[in-house]
Each structure stands twice: as C-alpha cells, then as structure tokens.
Protein chains: 2
Amino acid sequence: MDTIETHPSIDLPYASPTLMLEDFLPYRLSVLSSTISRTLARLYERRFGITVGEWRVIANLARHGPLSANGVCDRSAMDKVQVSRAVAKAVDGGLIDRSIDPYDRRRSILTLTAKGRSVHDQVLPLAREYQDHLRTALDDEEHAQFLEMLSRLLMRASSPRYLDS
Amino acid sequence: MDTIETHPSIDLPYASPTLMLEDFLPYRLSVLSSTISRTLARLYERRFGITVGEWRVIANLARHGPLSANGVCDRSAMDKVQVSRAVAKAVDGGLIDRSIDPYDRRRSILTLTAKGRSVHDQVLPLAREYQDHLRTALDDEEHAQFLEMLSRLLMRASSPRYLDS
DNA sequence: TATTGTTATACTCTATAACTATA
DNA sequence: TATAGTTATAGAGTATAACAATA
C-alpha cells in the first residue's frame with residue numbers, strides 16, 4: 001500500500017529508507033534454502049550417517065561414475081578440498097572405492113562399492129520424496145519456470161562484477 | 001552386487017535409477033543461495049566489518065526498532081543465540097546501544113547508535129544495488145511470481161512432517 | 001515454574017595456503 | 001612449471017544444553 005503522506009512522519013527526527021528484510025531476495029532465498037538443507041542434512045545423517053557432501057559425491061558416482069576427484073568437482077559445485085574430505089569419509093565408511101589411474105598416477109578413480117550403491121538406492125527415493133513434497137507447492141509449469149528463473153539468477157549472481165570487490 | 005539377470009540392460013551389470021543433481025531442487029537452491037550469501041557476506045565484511053547476522057539485526061532495528069532481542073528473533077529468522085552473539089558484536093563495535101527495559105528487567109532494549117545508523121545508510125544502497133543486479137534476470141511479473149513461489153515452497157519446507165524424523 | 005538472554009561446548013563448514021606426487 | 005589431490009590451520013557458523021536473572 002502506498003503512503004498517504006507525501007513526506008516522512010514528523011514524529012521521527014530522522015528516518016532513512018529502510019529494508020523490508022522479508023522482501024529482500026537474498027534473505028528469502030537464504031531462509032528457504034537453509035530450511036531445506038538442514039532438513040536434508042538431518043535425513044542423510046540420521047538415517048545413513050552421511051553428510052550432504054558425501055551424498056553429492058555418491059549421487060554423481062551413481063550417475064556418471066567412475067570419476068576422478070576433479071570430475072566430481074566439475075559436477076557437484078564443490079571445490080577440491082570439500083571433495084577430498086567427503087571422499088575420504090566415504091572411503092572410510094566403505095561406500096566408495098578409490099584407486100589410482102594407471103595412465104596418470106596423480107588421478108584417482110572413484111567408484112561406488114556395493115554398500116555405497118545400496119546406500120544410494122535407499123537415499124534416492126527419500127530425496128525424491130522430499131523433492132516431491134516440496135513440489136506439491138508448485139504445478140508443473142510453475143516448477144519449470146522456477147528452475148528456469150533459478151538459472152537466470154545464478155548467471156547473474158555469478159557475474160564477475162559482484163564475485164569479488 | 002545384486003541380481004544381474006532381472007535387469008533389462010545388457011551393457012550395465014547393474015543400473016539403478018539415478019539423480020540428476022543439476023535438476024534437484026534443493027541442490028539448485030543451495031548453489032544459488034550460497035553464491036549470493038557468500039557475495040553479500042564478503043561485501044558486508046570487507047567494507048564495513050560486519051557479519052550477515054549483524055546486518056540483519058541492524059536492518060531490523062532501522063525499520064522496527066527499538067526492539068528486544070526476542071523482537072529481533074521474531075523478525076530475522078535467527079535464534080536467540082545467534083541474535084545474542086550478533087548483538088554483542090555490534091554493541092562492541094559501537095553500532096548498537098543496549099539498555100535494560102525498566103518494565104521487565106529481563107528484556108533488553110536495542111537501538112541503533114548514530115554510527116550504526118550511518119553504517120545502515122551506507123549498506124542499504126549496496127544491498128539494494130545487488131538485489132537490483134540480480135533482479136535484472138527477471139521482469140517485474142516474474143519477480144513477483146518468484147517471491148510468491150518461494151513463500152509456497154517455504155510453507156512446504158517448514159511442514160512438521162519433514163522438520164524432524 | 002517459565003521466560004529473557006548469555007555463556008559453554010562441541011561440531012560442522014568454509015577459505016586459504018602449504019604441501020606431495022606426479023606430469 | 002603445472003596439475004591432482006591431501007593436509008593444516010584458522011575463522012565462521014550451528015546445535016544443544018546449562019546457566020543467571022527476573023517474572
């Protein structure tokens with residue numbers, strides 16, 4: 001609703017413009033994303049003892065594996081340190097098998113173990129179920145639009161002008 | 001590994017369904033939100049030495065202040081520990097004035113200092129500028145739709161069924 | 001007893017850089 | 001010299017609980 005008065009209230013000696021946090025896009029995104037991430041993180045941790053990072057690695061190996069650590073980086077929005085740690089934990093837990101690429105001994109070859117595949121096959125329906133639960137908030141067209149808008153926003157958010165400075 | 005014979009594909013000994021991470025809504029939201037949050041956190045920290053938490057408290061006090069710590073909690077999606085720490089840092093930095101409510105001596109009364117107001121007035125246009133930069137990815141109608149979809153998704157994400165368990 | 005707010009503790013996450021081994 | 005990956009370190013954020021003061 002627009003203001004009726006043409007100038008700020010005389011009660012206030014000084015009233016600078018303010019931010020309605022609940023309409024600030026970064027805030028809104030952050031609240032939604034962290035609510036969802038927390039829920040999923042708990043789901044993965046409680047039921048399967050894995051972190052979100054491990055899940056991302058596992059999901060990528062299930063779909064695209066075998067991959068090197070670098071291959072996982074490229075597909076997971078995780079940097080090499082995050083991948084290294086997630087992989088170490090998953091190898092430790094017997095979910096991932098790590099060997100050395102004989103053609104380039106700096107590279108690793110990561111594959112799911114049977115146990116890792118089994119965890120994947122159990123987590124996947126739960127992840128999908130949660131996504132479907134969220135998606136009941138949107139119809140198919142809206143969902144497509146939403147994803148498309150996320151893409152456009154990400155391109156903007158990743159633009160160099162704002163990434164440093 | 002489980003059965004081979006019952007699976008249709010000949011090429012793959014075992015191919016369970018997989019998740020295309022890049023189409024998984026929680027993943028997409030997380031990548032976008034963390035890119036944006038990181039950018040803003042750097043902006044606030046580098047130019048003004050404040051955390052995102054402090055900025056949220058400051059923005060709320062500028063708009064709705066004076067508030068108690070609880071009042072800030074209600075409006076900022078932060079819990080009382082986060083608020084307590086953000087307020088302590090801002091009081092320490094001379095941005096917020098903290099006194100005790102004489103009518104309920106458990107409560108604090110938080111107001112911006114002149115310095116806090118000044119920081120607010122400098123951060124605000126930068127925050128808006130960044131939001132506007134993001135918003136060039138969307139037209140006005142899309143932006144309204146986007147915020148509205150975020151609301152619906154948040155209601156879903158906050159539903160009790162998935163918050164614990 | 002319940003509420004407001006602070007403090008303690010432990011754990012996760014992130015960012016950066018240094019390091020190794022290989023190429 | 002460059003790349004793949006690991007390790008080290010410190011800082012920030014998060015969750016939980018315990019706590020003091022007040023109601």
Side-chain angles (χ1 to χ4, degrees), chain A residues 30-31 33-46 49-57 66-92 96-110 163-164, chain B residues 30-31 33-46 48-57 66-93 96-110 163-164:
Chain A
S30 161
V31 170
S33 176
S34 63
T35 300
I36 291 174
S37 293
R38 231 186 346 257
T39 302
L40 278 178
R42 269 194 296 234
L43 185 73
Y44 299 157
E45 157 61 30
R46 287 187 191 173
I50 61 174
T51 63
V52 173
E54 279 178 281
W55 167 243
R56 287 190 184 171
V57 175
L67 291 172
S68 67
N70 245 346
V72 174
C73 291
D74 294 343
R75 296 166 189 278
S76 66
M78 296 163 77
D79 67 29
K80 63 180 184 169
V81 176
Q82 288 174 300
V83 169
S84 174
R85 296 219 164 100
V87 166
K89 183 160 178 292
V91 168
D92 211 52
I96 288 179
D97 193 76
R98 174 168 45 190
S99 63
I100 293 173
D101 185 340
Y103 299 101
D104 181 345
R105 299 180 44 76
R106 296 171 306 180
R107 288 180 169 277
S108 56
I109 296 178
L110 306 170
L163 273 190
D164 297 299
Chain B
S30 161
V31 170
S33 175
S34 63
T35 301
I36 291 174
S37 293
R38 230 184 350 256
T39 302
L40 279 178
R42 268 194 297 235
L43 185 74
Y44 298 157
E45 158 61 30
R46 286 187 192 173
F48 303 97
I50 60 173
T51 63
V52 173
E54 279 177 282
W55 167 244
R56 286 189 184 172
V57 174
L67 290 172
S68 68
N70 245 345
V72 174
C73 292
D74 294 342
R75 296 165 189 279
S76 66
M78 298 163 76
D79 67 27
K80 63 179 185 170
V81 176
Q82 289 174 300
V83 168
S84 175
R85 296 221 162 97
V87 165
K89 184 160 177 293
V91 167
D92 211 51
I96 288 178
D97 193 76
R98 175 166 45 189
S99 62
I100 295 173
D101 184 339
Y103 299 101
D104 181 345
R105 297 179 46 77
R106 294 172 306 182
R107 288 179 169 275
S108 56
I109 296 179
L110 305 170
L163 274 190
D164 297 298

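Proteins come first, then strands; the chains are lettered A, B, ... in the order of their sequence lines, and each starts at number 1.
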**Q** Over how many whole Å does the gap from A/Arg42 atom CZ to C/dC13 atom C1' extend?
**A**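 Between C1' of C/dC13 and CZ of A/Arg42: 17 Å.
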
**Q** For the side chain of B/Gln82 and the backbone of B/Asp79, is there at least one donor-acceptor N/O pair under 3.5 Å apart?
**A**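 Confirmed, B/Gln82 side chain pairs with B/Asp79 backbone.
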
**Q** Heavy atoms only, 4.0 Å cut-off, all strands: where does A/Val81 land among base, sugar-phosphate and nothing?
**A**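 Base, at least one base heavy atom under 4.0 Å.
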
**Q** Hey, does B/Asp79 reach any base, or is it just sugar-phosphate, or nothing, if we go heavy atoms under 4.0 Å?
**A**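 The residue B/Asp79 makes no contact with any strand.
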
**Q** Would you mind telling me which residue lines up with the more 5' stretch of DNA chain D, A/Ala88 or A/Arg106, judged by nearest nucleotide?
**A**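 Upstream on the strand: A/Arg106.
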
**Q** Rounded to whole angstroms, how far apart are CZ on B/Arg107 and P on C/dT4?
**A**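 Distance, rounded to whole Å: 6 Å.
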
**Q** Once you round it to whole Å, what is the distance between P of D/dT6 and CD1 of A/Ile100?
**A**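 One finds 10 Å between P of D/dT6 and CD1 of A/Ile100, rounded.
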
**Q** Of A/Ser68 and A/Arg38, whose closest DNA chain D nucleotide lies nearer the 5' terminus?
**A**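 Nearest nucleotide further toward 5': that of A/Ser68.
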
**Q** How many whole angstroms separate atom NZ of B/Lys80 from atom P of C/dA8?
**A**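 One finds 15 Å between P of C/dA8 and NZ of B/Lys80, rounded.
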
**Q** Just how far, in rounded Å, is C1' of D/dG5 from CD1 of A/Ile109?
**A**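 Those two atoms, CD1 and C1', are 14 Å apart.
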
**Q** C/dC13 phosphate, OP1 or OP2: any side-chain N/O from A/Gln82 under 4.0 angstrom?
**A**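 Checking C/dC13 against A/Gln82, no side-chain N or O comes under 4.0 Å of OP1 or OP2.
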
**Q** Please answer whether the main-chain N or O of A/Lys80 pairs with a side-chain N or O of A/Ser84 as donor and acceptor at a distance below 3.5 Å.
**A**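 Pair absent, no side-chain N/O of A/Ser84 close to backbone of A/Lys80.
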
**Q** Verify the contact: side-chain N or O of B/Ser108 to OP1 or OP2 of C/dG5, cut-off strictly under 4.0 Å; return yes or no.
**A**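 Answer is yes, contact under 4.0 Å.
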
**Q** Is the shortest side-chain N/O distance from A/Asn70 to OP1 or OP2 of D/dT3 below 4.0 Å?
**A**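 Negative; the distance criterion is not met.
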
**Q** Is the base of C/dA8 touched by the side chain of B/Arg85 through a donor-acceptor pair closer than 3.5 angstrom?
**A**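 It does, because a donor-acceptor pair links the side chain of B/Arg85 to the base of C/dA8 below 3.5 Å.
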
**Q** Does the side chain of B/Arg98 get closer than 4.0 angstrom to OP1 or OP2 of C/dT6 through an N or O atom?
**A**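 Yes, within the criterion.
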
**Q** What's the OH-P distance between B/Tyr44 and D/dG13, to the nearest Å?
**A**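 Spelled out: OH on B/Tyr44 to P on D/dG13 is 13 Å.
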
**Q** Taking atom P of D/dG13 as reference, at what distance in whole Å does atom CG of B/Leu40 sit?
**A**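 Those two atoms, CG and P, are 13 Å apart.
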
**Q** Evaluate the side-chain proximity of B/Ser30 to A/Arg56: yes if any heavy-atom separation is below 4.5 Å, no if none is.
**A**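 Touching, per the 4.5 Å side-chain cut-off.
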
**Q** Taking donor-acceptor contacts at under 3.5 Å, does the side chain of A/Arg105 reach the base of C/dT22?
**A**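 Flag unset: no donor-acceptor pair detected.
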
**Q** Quick one: does B/Glu45's side chain have a donor or acceptor within less than 3.5 Å of a partner on B/Arg42's backbone?
**A**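 Such a contact is absent between B/Glu45 side chain and B/Arg42 backbone.
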
**Q** Whole angstrom is fine here: how far is it from NZ in B/Lys89 over to P in C/dT6?
**A**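 My rounded result for the distance is 16 Å.
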
**Q** Using a distance-only test with no angle check, is there a side-chain donor-acceptor pair under 3.5 angstrom linking A/Ser108 and A/Arg98?
**A**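 Side chains of A/Ser108 and A/Arg98: no pair found under 3.5 Å.
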
